[in-house]
Amino acid sequence: MQELTSDAAIELRGIDKSFGSVQAVRGVSLRIERGSITGIVGENGAGKSTLMSILYGLYRADAGEIRVEGRPVEMTSPRDAIGRGIGMVHQHFMLVDSFTVLENLILGAEGGPLLAGGLAAARAELARLAQDYGLAVDPDARVSDLSVGEQQRVEILKVLFRGARILILDEPSAVLTPQETNRLLQILRVLRDRGVTVVLITHKLREILSVTDRVIVMRRGEVVAERATSKTSAEELAELMVGRKVRFSFDKAPARTGEPRLVARGLSLVDDRLVRVLDDISFEVRAGEIVGIAGVSGNGQSELLQVLAGIRRPTGGALEVCGRKVDAAHPADPAEMRELGVAHVPEDRLRQGLVPAFLASETSILGYQDREPFCHNYLLDGPAVGKYCAELMDRFDVRPRTPGLLSSSFSGGNQQKLILAREMARHPRLLLVGQPTRGVDIGAIEFIRRELIASRDAGCAVLVVSVELEEILSLADRILVMSGGRIVGEVAAADADERTLGLMMTGARAA
Amino acid sequence: MEEVFTLVVATLAATLRVATPLVLCAMGGLFSEKSGIIDVGLEGKMLMAAFFAAATAAVTDSAWMGVGAAIIAAEALALLHGFACITHRGNQVVSGIALNILAMGLTVVLGTAWFARGGQTPPLSAGERLNPIFFPVAGDNVIVYAALLSVPVTWWLIERTRFGLRLRAVGEMPLAVDAAGISVPWLRYRAVLLCGLFAGLAGAYLSIAQNAGFSRDMTAGQGFIALAAIIFGRWRPFPAFGACLAFGLLDAIAIRLQGVKLPGIGEVPVQLIQAMPYLLTLFLLAGFIGRTVAPKAAGVPYEKEH
């Protein structure tokens, strides 16, 4: 046992880090107590992930001092961090899908040039960890066969297996169902009670409030506040993160619904691998309402959106889009759908929503580029496009207001606002939106949601697909829950809460 | 009866002789591909090795010096491939093709300049070659045994050792390897160097064991056939070995059937049978088999963020 000289597990003093001309972290000093759960919150780009990457040796700080358990240390690679007892669970899992749990566990800590001994020792150690922390996972299961929650447990086990006393989790609940999240929070409490120091990076205030002992708030690369969790509230934290007051709930007028704009009857889709990804889906979306589709990611929502937008053609069933029939025999491509008045804000902004290497002005007319006034006689009218983009930027508060900048230079929130502006500017009859606020900061979230509701009130039929339950609950008038390619339930927003929706999402209960 | 027995044994021996360079290349290629580095340059490495083996053996009168030179030549190309693809994150297919072209041109140019025989090296005497060990007719020289041994060794290294575990991991998910504090480039360099070693042996076999000297383009696409064998074997050593034997057998049968009249068919068009390995290769490399089992990160340069 090494000698302990301080009660702080981690101390950072005056940490600076720049990438090019952007200062990601400036003058950060903080202290994390041993055996506590500390939350670090902040908007995207506030510097929290960068700070933790510095602590884990992935980046090197330009200036400042790191102390682990009282001793000043140099972190040049993850190996240093692991050696100091620091482990990290990344937002995107660092697991080899084709390996078993055991193989993943020992990767990098094999305990000798031959595997046999290391595997046997790891099996015993895994059994012990499972018992001590209540983290049971089948050691011989292939990681690709595990659920996301189980994979995350493997990640935590990996860190503990390496003897970590300090555990950093980066947005751990981003991919979990509410039930899995609760299970994770439970595990974190057990870890803390066994003396592990936990650092939780997240932007979900509910988790911060339910599990942490202290919260550190970051904004624009600096620590702006530190609070004992018991003495703060969601409202205060949100305000500290954004730097101004934020409203979470909207005063929505009740929906005034009109004629059905989208009717799906028995829609199904069988993919290239002959997997039935959509199975007998029927619903309708009427003018003047927002229908939300909730579900754990990967349960057919993405495919449903693609079919509705005309990107994929259904293999069975039929659609009626603004009065036109679409089925396997009469497909409509995305351009035809657009002609019918369908606008689509895709889930994957960077791949389907825009071309990162294009200018913002080009992004602002993508899909409408062959229409007046952008195009005359097959030639694009650059000045007209630029002027149009500037107008959109003004209306949707896209920053910076520079149509000549590359699309990739904008933050996620501003890219999303630009895409939304492009799709909404044409007053669509039916608006399809996938993950409206994924990777978008709190200020922009508020704006985007308000715009979606405004478009509903203007009589547009809106379909929102989101894995964020809180988002579905705050936007939708009716909620459909998808699981395993089927719609497993429908609830009016007024009667819904996270718990019942979560149970339906996992297929545990049908409404 | 005895005739049939002799025929079978002779065909099997021929199969093994033809398959030896394929097996070595396939095992070498396996290491490279498992680590996530696609190696279309097996052909070029083998050709370069064959040339330097024959040239060195002719000049030094030593077969073993030839083998050494072959390995050094193949490793030089392997390092070049690694430098382009690992250090500079270049396109692996482009680099491999470039190496093939380089080898095709350089062997002929150097051969003409040094020996003035139209790109060939001087014929080697028995003392300058690797000779059969037990059965003179079968051609069982030391590299044939090395090839046979390379299969279980490759399997053992990949499946049972720490190096193998990390190798498989880096070809599937380099990020996980990096996060575990293991150097991705160093692992991949070791894989590429192992590949060079095997390709070097295969090249030496062609010019100083199977034949008595180097002739231009003598690899004749065998590097690509080995690549097809890897795919056919779904990136596993023993099945890939089986695929190499199958290709060898096709070739051996083609030689056997030369000029033979079969009842009901007449004379077999030998060209067709000779083309079989290539047709099969084309079919396999076009991706009909095993797309899902390829190492996931194969062909993707690994870039750390920032």
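Just so we're clear, the structure is a prediction, and the values are computed from it rather than from any experiment. Because only heavy atoms are used, hydrogens play no part in the values below, and waters and symmetry mates are left out as well, while side chains stay in. Proteins get letters first, then strands, A, B, ... in listed order; numbering begins at 1 in each.
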(Q) Within a 6.0 Å radius of atom CZ on B/Arg162, are there more than 12 heavy atoms belonging to other residues, nucleotides or ligands? (A)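 More than 12 within 6.0 Å, yes.
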
(Q) With a 4.5 Å cut-off on side-chain heavy atoms, are B/Glu172 and A/Asp97 touching? (A)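 No, their side chains stay 4.5 Å or more apart.
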
Q) Which region of A/Tyr56, side chain (C-beta onward) or backbone (N, CA, C, O), has a non-hydrogen atom less than 4.5 Å from a non-hydrogen atom of chain B, or is it both or neither? A)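 Interface part for A/Tyr56: side chain.
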
Q) Which answer fits A/His90, side chain, backbone, both or neither, if we ask what part of it has an atom under 4.5 Å from a heavy atom of chain B? A)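 The side chain, not the backbone.
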
Q) When heavy-atom pairs shorter than 4.5 Å are enumerated against chain A, which of B/Lys296, B/Glu159, B/Met173, B/Arg166 gives the highest number? A)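 Result: the option with the highest number of such pairs is B/Arg166.
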
Q: Among the options B/Leu165, B/Val177, B/Thr161, B/Ile182, pick out the one with the most heavy-atom pairs lying under 4.5 Å from chain A.
A: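 The option with the most such pairs is B/Leu165.
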
Q: Go through A/Asp80, A/Leu119, A/Leu114 and name the one with the most non-hydrogen pairs under 4.5 angstrom from chain B.
A: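 Among the listed options, the one with the most contacts to chain B is A/Leu114.
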
Q: Answer with side chain, backbone, both or neither: which region of B/Arg160 has an atom nearer than 4.5 Å to a non-hydrogen atom of chain A?
A: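 It is the backbone, since no side chain atom gets that close.
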
If you compare all heavy atoms of [X] against all heavy atoms of [Y], which two are closest, and at what distance to 0.1 Å?
X: B/Asp178; Y: A/Pro78; result: O-CG, 3.9 Å
X: B/Ala180; Y: A/Arg79; result: O-NH2, 4.4 Å
X: B/Ala169; Y: A/Val96; result: CB-CG2, 3.9 Å

(Q) With side-chain contact (heavy atoms from CB on, under 4.5 Å) as the criterion, how do A/Met94 and B/Leu175 come out once you've worked through the C-alpha distance, each side chain's angles and the decisive distance to 0.1 Å? (A) CA-CA 6 Å; A/Met94 302 286 177; B/Leu175 256 174; 3.7 Å; yes

**Q.** Pairs involving residues 143-158 of chain B, ordered by first then second residue, that meet side chain to side chain donor-acceptor pair (under 3.5 Å) (sequence neighbours left out)
**A.**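 Side chain to side chain donor-acceptor pair (under 3.5 Å) check on residues 143-158 of chain B returns B/Asp140-B/Tyr145.
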
